[in-house]
Amino acid sequence: MKADPEGRPKGPGHFPEPVAWIAAMREKTGDDRSHEHLKPHRDPLFGTRDRFDVRVRDHSDDYR
């Protein structure tokens with residue numbers, strides 16, 4: 001999302017909310033992507049996924 005490979009007119013700055021959600025989630029979870037480390041972070045991970053899903057459904061033209 002940060003880099004728009006197709007050069008759409010809206011550009012990568014059109015996605016500030018989802019990028020911020022992902023950045024916040026990564027800050028909470030850190031760099032360790034192992035299952036054991038991520039298990040306690042299940043709620044923030046799924047919450048970010050669900051918010052992103054709603055965003056894509058509500059703005060489907062932005063993600064084509």
Scanning both residues in full, the closest heavy-atom pair of T29 with L45 reads CG2-CD2, 4.1 Å
Closest non-hydrogen atoms of P44 and K28, given as atom of the first, atom of the second and distance, are CB-CD, 4.2 Å
Closest non-hydrogen atoms of H41 and H37, given as atom of the first, atom of the second and distance, are CD2-O, 3.2 Å
- request: Please determine if R49 forms a cation-pi arrangement with F46, meaning its NZ or CZ atom is less than 6.0 Å from the six-membered ring centre and no more than 45° off the ring axis.
  value: yes
Nearest heavy-atom approach of M25 to T48 is CB-OG1, 3.7 Å
- Using a cut-off of 6.0 Å, state whether more than 12 heavy atoms not belonging to R33 lie near its atom CZ. yes
ask   = Does a side-chain N-to-carboxylate-O contact under 4.0 Å join R57 and D53?
value = yes
